[in-house]
Visitor: 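This is the structure I want to talk about, given as structure tokens.
For reference, positions follow the sequence shown, starting with 1.
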Amino acid sequence: MKNTLLGSFYLSLAASIWGGMYVVVKHVVDVVPPLELVWIRYVIALFALLIISVVTKQSWCIKKRDLLLIFIIGLIGNTISILTQEFGTMLSTAQMGAIITSTTPAFMVLFARILLKEKITFNKAISILLATIGVGIIVGNADIDPSLQLGGLSLLIAALTWALMSVLIKRVPGQYSQIVITCYTTLVAVILLTPSAISRLAELDVQAMKHPSIWGGLLYLGVISTACAFLLWNRGLQMLNASSGGLFFFFQPIVGTFLGWLLLGEQIDLSFWIGTLLIFIGVLLVIREE
């Protein structure tokens, strides 16, 4: 039960951090395009992870048979998912992002069934249904413009690949440090993105990037939203079933909506509180089952 509660806390905190990411990305991406933005945030995250790993004296030994799995996680989750998420956020709206990425837990249940043979219990099915309805109530007033289809497709790919990555994390042997695994998967993303990103860096508006809100946003995305949140998410998934852990992803739209009210002056009505209550009920059902 202790592991369940701790894992639940890690996953909730990670998803909450990502809830604040949309506001930051929407601001920073006006100055730093998606490809360059993903590369920069990963370089920052890699330095942060290296410092953490050195201070905590982590072991870097990985068996050869596990290297391919780690590479696939870095390719699917750290590279494709995050890149399509940034493009989707740029091309769409924050509300559309919340709606589409809320499909991630459902994909996780599916992938966990296929790859990990996890059973889809009645409680899990009900909890996913309640949480999905809750998200729908929170962001259900979004006016989806057909012209935003490309952004929506990009966000759907991001949700699909993130769900697959989250399930694959469960197949990483438990003896490895999550700090080291996250560092390796981040390194994979940096290596894969460098050839495309490095030639485009010269085109960035350096003067605009000197604004505190821009470089502060980059630090948030690199250190907090990438390094810290990835560590929390990966660690939390090790403590719960993948299909159960995915439910905590629903905290992302809750926090995103709340920060929109707090920072951007957006209105929160009764639907927000009803949706939030349904999501919490769904989460409690999973915790009790675990």
Visitor: Decide whether I179 and V223 are clustered together by the hydrophobic rule: side chain heavy atoms of Ile, Leu, Val, Met, Phe, Trp, Tyr closer than 4.5 Å, transitively.
Guide: no

Visitor: Does one hydrophobic cluster hold both I82 and V29, with members joined at side-chain heavy-atom distances below 4.5 Å?
Guide: yes

Visitor: Which residues pass the side-chain contact (heavy atoms from CB on, under 4.5 Å) test with D30, sequence neighbours left out?
Guide: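 Partners of D30 under the side-chain contact (heavy atoms from CB on, under 4.5 Å) test: none.
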
Visitor: By side-chain contact (heavy atoms from CB on, under 4.5 Å), which residues pair with L13, not counting sequence neighbours?
Guide: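 L13 satisfies side-chain contact (heavy atoms from CB on, under 4.5 Å) with F9, I17, L232 only.
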
Visitor: Who are the side chain to side chain donor-acceptor pair (under 3.5 Å) partners of W18, not counting sequence neighbours?
Guide: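 Side chain to side chain donor-acceptor pair (under 3.5 Å) check on W18 returns nothing, list empty.
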
Visitor: So which heavy atom on L237 is nearest to which on S166, and how close?
Guide: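 Residues L237 and S166, closest heavy atoms: CD1-O, 3.5 Å.
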
Visitor: So, do K210 and I214 sit near enough that their side-chain heavy atoms are less than 4.5 Å apart?
Guide: no

Visitor: Kindly give the heavy-atom pair with the smallest separation between A229 and A14, and that separation in Å.
Guide: O-CB, 3.6 Å

Visitor: Where the side chain of T79 meets the backbone of I76, is there a donor-acceptor pair that is under 3.5 Å apart?
Guide: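 Flag not set: sc T79 to bb I76 has no pair under 3.5 Å.
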
Visitor: With side chain to side chain contact (heavy atoms under 4.5 Å, CB included) as the test, would you mind laying out the steps for I198 and W39 before giving the verdict?
Guide: CA-CA 9 Å; I198 202 73; W39 186 83; 4.2 Å; yes

Visitor: Are F122 and I133 linked, directly or through intermediate hydrophobic residues, by side-chain heavy-atom contacts shorter than 4.5 Å (ILVMFWY only)?
Guide: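 I133 and F122: one cluster.
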
Visitor: Quick check: do V28 and I40 have side-chain heavy atoms less than 4.5 Å from each other?
Guide: no

Visitor: Looking at residues at least two apart in the chain, or sitting in another chain, which of them share a side chain to side chain donor-acceptor pair (under 3.5 Å) with K64?
Guide: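 Partners of K64 under the side chain to side chain donor-acceptor pair (under 3.5 Å) test: none.
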
Visitor: Please assess L37 against L218 for the test side chain to side chain contact (heavy atoms under 4.5 Å, CB included), listing each intermediate value before the final yes or no.
Guide: CA-CA 8 Å; L37 175 57; L218 290 172; 3.4 Å; yes

Visitor: Return the minimal non-hydrogen interatomic distance between F248 and S12, and the atom names on each side.
Guide: CD2-OG, 3.2 Å

Visitor: Holding to salt bridge (charged side-chain N to carboxylate O under 4.0 Å, His left out), I want the full list of residues that pass it with R200, two or more places apart in sequence or in another chain.
Guide: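 E36.
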
Visitor: Do the side chains of F111 and M165 join up, straight or via other hydrophobic residues, at under 4.5 Å, putting them in one cluster?
Guide: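 Yes, F111 and M165 fall within the same hydrophobic cluster.
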
Visitor: What's the separation between atom CG in L231 and atom SG in C183, rounded to the nearest 0.5 Å?
Guide: 9.0 Å

Visitor: Below 4.5 Å, heavy atoms only, C-beta onward: do L168 and L69 meet side chain to side chain?
Guide: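 With C-beta onward as the side chain, the pair touches.
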
Visitor: Within the side chain of Q238, is there an N or O that forms a donor-acceptor pair under 3.5 Å with the backbone of I169?
Guide: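 It does hold such a pair.
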
Visitor: For S196 and L193, indicate whether the former's side chain and the latter's backbone hold a donor-acceptor pair under 3.5 Å.
Guide: no

Visitor: Checking I191 now: which residues fulfil side-chain contact (heavy atoms from CB on, under 4.5 Å) with it, not counting sequence neighbours?
Guide: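 Testing I191 for side-chain contact (heavy atoms from CB on, under 4.5 Å), a comparison that skips the adjacent residues, returns L187.
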
Visitor: Looking at every non-hydrogen atom in both residues, tell me the closest pair between G20 and V24 and how far apart they are.
Guide: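 So the minimum-distance heavy-atom pair works out to O-CG2, 3.4 Å.
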
Visitor: Just how far is it from atom CG of L201 to atom CG of L204, taken to the nearest 0.5 Å?
Guide: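 So the gap between those two atoms works out to 5.5 Å.
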
Visitor: With sequence neighbours excluded, tell me which residues meet side chain to side chain donor-acceptor pair (under 3.5 Å) with T84.
Guide: none

Visitor: Name the atoms and distances for all side-chain donor-acceptor pairs under 3.5 Å in residues 42-54, with sequence neighbours left out.
Guide:
| unit_1 | atom_1 | unit_2 | atom_2 | d |
| --- | --- | --- | --- | --- |
| Y42 | OH | N78 | O | 2.5 |
| S53 | OG | L49 | O | 3.1 |
| S53 | OG | L50 | O | 2.8 |

Visitor: Grab the two heavy atoms, one from A208 and one from V31, that are nearest each other, plus how far apart they are.
Guide: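 So the minimum-distance heavy-atom pair works out to CB-CG1, 3.7 Å.
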
Visitor: Please list, chain by chain and in numerical order, all residues satisfying side-chain contact (heavy atoms from CB on, under 4.5 Å) with K117, sequence neighbours excluded.
Guide: none

Visitor: Looking only at non-hydrogen atoms, find the nearest pair between G74 and A189 and report the distance.
Guide: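 Residues G74 and A189, closest heavy atoms: O-CB, 4.5 Å.
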
Visitor: Please evaluate residues L116 and R171 with respect to the criterion side chain to side chain contact (heavy atoms under 4.5 Å, CB included), reporting the C-alpha separation (whole Å), side-chain torsions for both, the decisive distance (0.1 Å), and the verdict.
Guide: CA-CA 8 Å; L116 305 178; R171 304 191 71 168; 3.6 Å; yes

Visitor: Under the side chain to side chain donor-acceptor pair (under 3.5 Å) rule, collect the residues that match up with T56, sequence neighbours excluded.
Guide: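 Partners of T56 under the side chain to side chain donor-acceptor pair (under 3.5 Å) test: Q58.
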
Visitor: Heavy atoms, side chains only, cut-off 4.5 Å: are V167 and E118 in contact?
Guide: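 In short, these two side chains do not touch, never coming nearer than 4.5 Å.
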
Visitor: Taking atom CE of M108 and atom CG of L164, what is their separation to the nearest 0.5 Å?
Guide: 10.5 Å

Visitor: About how many Å separate CG of L240 and CG of L6, when rounded to the nearest 0.5 Å?
Guide: 9.5 Å

Visitor: Can you list every side-chain hydrogen bond (donor to acceptor under 3.5 Å, both in side chains) pair that touches residues 213-232, not counting sequence neighbours?
Guide: H27-S213, R41-T226, H211-S213

Visitor: Same cluster for L68 and Y176 if Ile/Leu/Val/Met/Phe/Trp/Tyr side chains link at under 4.5 Å?
Guide: yes

Visitor: To the nearest 0.5 Å, what is the distance between CD1 on I62 and CD1 on I70?
Guide: 4.0 Å

Visitor: Kindly compute the distance separating CD (Q175) from SG (C61), expressed to the nearest 0.5 Å.
Guide: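 One finds 11.0 Å between CD of Q175 and SG of C61.
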
Visitor: Within the distance-only criterion (no hydrogens, no angle test), does the side chain of Y184 pair as donor or acceptor with the backbone N or O of W60 below 3.5 angstrom?
Guide: yes

